[in-house]
2 protein chains.
Amino acid sequence: MMSSRIKAKKQATLAEGEEKPSGRPRCPHTHLAILEATRDLLLEAGFVGLTIEGIAERAGVGKTTIYRRWPDKANIVMDAFFTCANPKLAFPDTGSLREDLLRQMRALVREFNGPLGQTVATLMAGMQSDSSLAEAFRQQWIEARRAESRAVVERSHARGELRADIETEVLLDALHGPLYFRLLTQYAPLNAAFAERLVDLVLSGLLTTTSPIKTTKTGGRK
Amino acid sequence: MMSSRIKAKKQATLAEGEEKPSGRPRCPHTHLAILEATRDLLLEAGFVGLTIEGIAERAGVGKTTIYRRWPDKANIVMDAFFTCANPKLAFPDTGSLREDLLRQMRALVREFNGPLGQTVATLMAGMQSDSSLAEAFRQQWIEARRAESRAVVERSHARGELRADIETEVLLDALHGPLYFRLLTQYAPLNAAFAERLVDLVLSGLLTTTSPIKTTKTGGRK
DNA sequence: TCATTACGATACGCTACGTTTCGTAATCGA
DNA sequence: TCGATTACGAAACGTAGCGTATCGTAATGA
C-alpha cells in the first residue's frame, strides 16, 4: 500500500532504483504510530476536529516529523484511512444476482454502521472542499466498492439473468446511492432490512422472466 | 420565513406580544445584505472558505453586527440558504407516476447543476460536523424535497398504479439517493438523461400489470 | 571522525475565530 | 430638548490551528 501520495520533502518511500539514503534512517515505528493516531482521532473528532498537533501528541512525535512526511492534513487522513481501515466486503458468487447483491449490500451496511462509516462520512464531507481528497476517495474507496458490485452485475448479465437493456452503472447507482444517502443524512436507519428491501425493490422487474429467482413480496427472504 | 433560528443576544425578530424596543432600531437593509453576501460567498468559496469577516466586508457592515444577530457561521448559512434559495421544484399531477417523477427528478437535477447544487453539497458536508445544521437541513431541505415526491408516489398508490407491496420510503430513497450520491461524489454526470434512466430502472417492475404505462426499454421517452 | 539525515522542542508569522471596548448614531418618552 | 436605550462600525484582544524555520541532539554510513 502506498504510504504517501505526494512526497513531502524527500522521498517517503524509496522508488525502485533507490540510492541508499545516507544519514540517520527514519524511525520505523513512527509512520504507523502517526497513522493510527490519525485514525483514532478521526473517529473521535471527525475531519474538522482533527489537528496536526493532536496527532503529534497522540502519536508521541513532534509536529515537525509529521510535516516532513505528509504535505497536509488531507493526505495524512487518506493514508490513515486506506492503510488502517480497508476492505473486507464480500465478493460472492452464488449464481444468483439477488443473493450476491444482498451479501454485498449487507456487508457494506455493516461497515457503514461501524467506525469506518463515520470516517467515510467525514471524508465525503472533506471531498467538498479538497479536490485532491475527492479524487483519491473516488478512486480508492467509491470505485473500489463499486467494482465489487459491478462484477456481480456483469456476471449476471453474462448469465442472461438480467434484462439486456439494463445499464449497469445506473443500477449500481440505484443500489449504492441510497446507502450513502442514509449514511450522510441519517434520514432513516441504515440497516440490513433496508438493504434487503432496497435490493428487492430495485431488482423487481429487472430480471428476465426465465430467471428462477423471484423478487416479489412473496419471494426470497423473510 | 424565519430570520434567525437561535436568537443571538436579544430578540432578532419580535414575538407576538412584543414590547416596543426602545433605542435605535436595527437597520432594515442590513439583514438582507448579510444574507445575500453570505449566499454569494458561499457559492464562490464554499462553506469552509466562508469567513465572517468576508461576509461583513461584502455586506458593508461591521463584523460585530453579524455576531449580534447570529450565533455562528452555520446559522447564518442556514438562513441565507433558506431565505435566498428556496424551492421551485415541480409538484405535477399528470395522472402518471412515471411522468410526475420524471418532471420532479429533472427539476431536482436542474437545481443540483446550478449554484444551489454546490450549496447543497456544501451543507451536506457541514452536516457531518454540525448537528444543529444537520437537523435543520434534514427538516427544511431534504424532507421538503422528499415530501414532494412522496405525494406523487402516494397518489399513485391511491390510484392502484403501484404494486401494493412497494414501500414508499424505500422507493423515495432509490430515486433521490443516487442524485445526492452523484452530486456529492461527482462520480458520473448528473443530468436529465441519468434521471430518466434511473426513474425507468427503478420503476420497472413496480407498476401493476394493468397500468397503461410501460417502463421497458421500448416504452416512454426516447 | 565526519558528513548526512531524522528527530523533537521551540518559536514564528499567518489567518480566522468569537469577544470586548468605545465613540457615534438613531429612536423614544418625558 | 434632553436623557435613556439600543444599534452601529472600528479597533483591539485572546485563542486556536496552520505550516515554516531554527537549533541542538541522535543515529547511521563512509
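Convention: sequence-line order gives letters A, B, ...; per-chain numbering from 1.
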Can a salt bridge be assigned to the pair B/R58 and B/E36 using a cut-off of 4.0 Å between side-chain N and carboxylate O?
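Judged by the 4.0 Å cut-off on N to carboxylate O distance, B/R58 and B/E36 do not form a salt bridge.
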Taking B/E143 first and then B/R138, would you say they form a salt bridge - that is, a charged N and a carboxylate O separated by under 4.0 Å?
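A salt bridge is absent here (no side-chain N lies under 4.0 Å from a carboxylate O).
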Among side-chain atoms of A/S149 and A/Q104, is any donor-acceptor pair under 3.5 angstrom?
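A/Q104 and A/S149 do have a side-chain donor-acceptor pair below 3.5 Å.
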Looking only at side chains, do B/R145 and B/H176 share a donor and an acceptor under 3.5 Å apart?
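Distance-only check fails for B/R145 and B/H176.
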Nearest-neighbour nucleotide for the [X] side chain, [options] considered:
X     : options               : value
A/E53 : D/dC18, C/dC17, D/dA7 : D/dC18
A/S22 : C/dT5, C/dT19, D/dC18 : C/dT5
A/Y67 : D/dG19, C/dT27, D/dA7 : D/dG19
B/I52 : C/dG18, D/dT22, D/dC8 : C/dG18

Examine distances only and state if a side-chain atom of B/D100 and a backbone atom of B/T94 form a donor-acceptor pair shorter than 3.5 Å.
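Such a contact is found between B/D100 side chain and B/T94 backbone.
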Find which nucleotide of DNA chain D each of B/K63 and B/P25 is nearest to by heavy atoms, and output the residue with the more 5' nucleotide.
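Mapping each residue to its closest nucleotide by heavy atoms, the 5'-most match is B/P25.
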Quick one: bend of the helix from C/dT1-D/dA30 to C/dA30-D/dT1 from 5 pairs per end, to 10°?
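The end-segment axes of the helix from C/dT1-D/dA30 to C/dA30-D/dT1 are tilted 0° relative to each other.
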Round to a whole Å and report the spacing from CG of B/L41 to C1' of C/dA16.
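Distance, rounded to whole Å: 14 Å.
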Whole-Å distance between D/dC8 P and B/H31 NE2?
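Between P of D/dC8 and NE2 of B/H31: 10 Å.
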So, is [X] near the phosphate of [N], with a side-chain N or O under 4.0 Å from OP1 or OP2?
X     : N      : answer
A/T64 : C/dC7  : no
A/R24 : D/dA26 : no
B/R68 : C/dG18 : no

Mind running ring pair (Phe, Tyr, Trp, His ring centres under 6.0 Å) on A/F81 and A/W141 for me, showing each step along the way?
CA-CA 10 Å; A/F81 181 64; A/W141 172 260; 5.6 Å; yes
